[in-house]
Protein chains: 2
Amino acid sequence: MSMLPPLGFVKVLSSRYHLVVNTSDVTATLERICTLLRNDARQRGLPHGLQPVQVEALLYLSRCNRYSDTPQAVADFLASTKGTVSQTLKVLERQGLLAKRPDLQDRRVVRLRLTAAGRELARKLAAPAVLEQVLVADATRAERLAAELKGLLGAMQEIGGHRTFGACHTCRFFTREDNGFRCGLTSEQLTPADSKLICREHETK
Amino acid sequence: MSMLPPLGFVKVLSSRYHLVVNTSDVTATLERICTLLRNDARQRGLPHGLQPVQVEALLYLSRCNRYSDTPQAVADFLASTKGTVSQTLKVLERQGLLAKRPDLQDRRVVRLRLTAAGRELARKLAAPAVLEQVLVADATRAERLAAELKGLLGAMQEIGGHRTFGACHTCRFFTREDNGFRCGLTSEQLTPADSKLICREHETK
DNA sequence: GATTGTAGTATCGACTCGATACTTAATGAG
DNA sequence: CTCATTAAGTATCGAGTCGATACTACAATC
């Protein structure tokens, strides 16, 4: 029976509270949360014949803007590959939740649009039963969590070299004009509804 | 284009800071973290021919105590079914990471033990590359996260009706004696090493 | 105009996971 | 003590995931 500590078991000494927190503790907790959350997603999707990944893709497409509705964007969001995503989208299309149409500017590109059924299902699936209950039960916890998790996600995305996929209006290219909003990257006008959507080209201010 | 809000989109008014936090914000963030984390686990396991679930199972078995090393316990931990877990364990056994032996008290039960190779691999996989870097970079964040996440996980487990799978020494059955520790449930003596392991029968104090 | 890069699809094989149908063994009620 | 019930585990099927590889079509660049 070897008693070697696991690799990467790092103790971090906090300068503020002089408490020793070890990272493998946070890791184990977070991984367990992920397991439970993924299972919740599975149970939510199951009655509708959807896998967890399909649920994620559906929800992404219901929230992304017109620059981000392509298979490659979905692949980036899911941190997966275009091959795998192509499979997933094929299933969603067969189930009538999704329609493909060619992009008129770039004919290599496929544009994805949820059907009415797809949007309706996304609306139903958006509520993760377990989390919802926990968060409503304790408002201050929800608040602190929102801040901490956003910070963590930002750091993870930066280190992993992933795109940020933030909401349009939080982007550094987002500008306000006299009669509305505008994207500094595409120079196109944006509606208030647009400004709340997720964008593939999002960059933190 | 319907503009109905997603079901379960709940705004929580914090009594402390008078800030409006919406739960779907937290949810979206957390689901994205999970996606990235799961992918990290996939990438970690891939060089060794392991799927994310196999990694989780391996890590669990490397950290659980002698009351918790059965297929059913693994299924509970993974919030999965015994059928699925049976498959997963069969693969791990074939890869020589795991050995099965019958339980002598209850002959329906199978006891699982990692082989030397299994323990060594668990040691290597315990470090989730992305998280490790983020947490080491900011100690106070790691500290706050540890607290928040444990709170969240506890609430999720309670609402979902899952076991807590906490460390032995944090259990309400754990007692200190003159010459060591003892489990109030099994009445058996516990070594200091035992007291740090995960237990299936764990209950919060 | 040839080369290079990007978006997407098709196919293969190992694995996941729910569902279902079993076997074996412990438990409990009469 | 026996029979019904319950629990632990396995086997099998089918739809789906996902990495790997090979491919097509189009755009961009030089």
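All values below were derived from every heavy atom in this structure, side-chain atoms included, with hydrogens, water molecules and symmetry-related copies excluded. Residue numbers begin at 1 in each chain, while the letters A, B, ... track the order of the sequences.
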> What is the distance from CG of A/Leu104 to P of C/dA7, rounded to the nearest Å?
17 Å

> Taking OP1 and OP2 of D/dG9, is either one under 4.0 Å from a side-chain nitrogen or oxygen of B/Lys100?
no

> Atom pairs under 3.5 Å, N or O on each side, protein against nucleotides 20-27 of chain D: can you list them with distances?
from: D/dA27; atom 1: OP1; to: A/Arg107; atom 2: N; distance (Å): 3.4

> Take atom CG of B/Asp76 and atom P of D/dA7, then tell me their distance rounded to the nearest Å.
12 Å

> In whole angstrom, give the distance that lies between atom CG of A/Leu50 and atom P of C/dG18.
14 Å

> To the nearest Å, how far apart are A/Asp69 CG and C/dG8 P?
10 Å

> When we call it a touch if two heavy atoms are under 4.0 Å apart, what does B/Val85 touch: a base, just sugar-phosphate, or nothing?
nothing

> Before accepting this row, confirm whether a basic side-chain N of the pair B/Lys90/B/Glu93 lies closer than 4.0 Å to the acidic partner's carboxylate O.
no

> Does B/Arg32 count as lying over the ring of A/Phe77, i.e. NZ or CZ under 6.0 Å from the six-ring centre, within 45 degrees of the axis?
yes

> Sequence neighbours excluded, which residues qualify as side-chain contact (heavy atoms from CB on, under 4.5 Å) partners of A/Leu46?
A/Gln43

> The side chain of A/Lys90 is closest to which nucleotide in this list: C/dA10, D/dT17, D/dG9?
C/dA10

> Any salt bridge linking A/Asp40 with A/Arg44? Criterion: basic side-chain nitrogen under 4.0 Å from a carboxylate oxygen.
yes

> Let me check something: any side-chain donor-acceptor pairs from residues 156-166 of chain B under 3.5 Å, sequence neighbours excluded? List them with distances.
from: B/Gln157; atom 1: NE2; to: B/Thr164; atom 2: O; distance (Å): 3.3
from: B/Arg163; atom 1: NE; to: B/Asp76; atom 2: OD2; distance (Å): 3.3
from: B/Arg163; atom 1: NH1; to: B/Arg200; atom 2: O; distance (Å): 3.2
from: B/Thr164; atom 1: OG1; to: B/His202; atom 2: O; distance (Å): 2.9
from: B/Thr164; atom 1: OG1; to: B/His202; atom 2: ND1; distance (Å): 2.7

> B/Arg66: which residues meet the side-chain contact (heavy atoms from CB on, under 4.5 Å) condition with it, sequence neighbours left out?
B/Arg111, B/Glu188, B/Leu190, B/Asp194

> Out of D/dT17, D/dG9, C/dA7, which nucleotide sits closest to the side chain of A/Gln54?
D/dT17

> Rounded to whole angstrom units, what separation is found between the CG atom of A/Leu89 and the P atom of D/dT17?
10 Å

> Using a 4.0 Å heavy-atom cut-off across all strands, classify B/Arg111 as base, sugar-phosphate, or nothing.
nothing

> Hey, which sits more toward the 5' end of DNA chain C by its nearest nucleotide, A/Arg38 or A/Thr70?
A/Thr70

> Just how far, in rounded Å, is C1' of D/dG16 from CD of A/Glu93?
17 Å

> To the nearest Å, give me how far apart NE2 (A/His48) and P (C/dG18) are.
17 Å

> What residues form a side-chain contact (heavy atoms from CB on, under 4.5 Å) with B/Ser80, not counting sequence neighbours?
B/Leu78, B/Thr84, B/Val85

> From the set C/dT9, D/dG16, C/dT16, return the single nucleotide nearest to any side-chain atom of A/Gln95.
D/dG16

> Would you indicate which nucleotide in D/dG9, D/dG19, D/dG16 comes nearest to any side-chain atom of A/Arg94?
D/dG16

> Please confirm whether the shortest side-chain N or O distance from A/Thr88 to OP1 or OP2 of D/dG16 is below 4.0 Å.
no

> For DNA chain D, whose closest nucleotide is more 5', that of A/Gln51 or that of B/Ser86?
B/Ser86

> Out of D/dA8, D/dC18, C/dA7, which nucleotide sits closest to the side chain of B/Arg200?
D/dA8

> Tell me which donor-acceptor pairs under 3.5 Å the side chains of residues 49-59 of chain B have, and how far apart each pair is, sequence neighbours excluded?
from: B/Gln54; atom 1: OE1; to: B/Gln51; atom 2: N; distance (Å): 2.7

> Would you mind reading off the distance between B/Gln72 atom CD and D/dT10 atom P, rounded to a whole angstrom?
11 Å

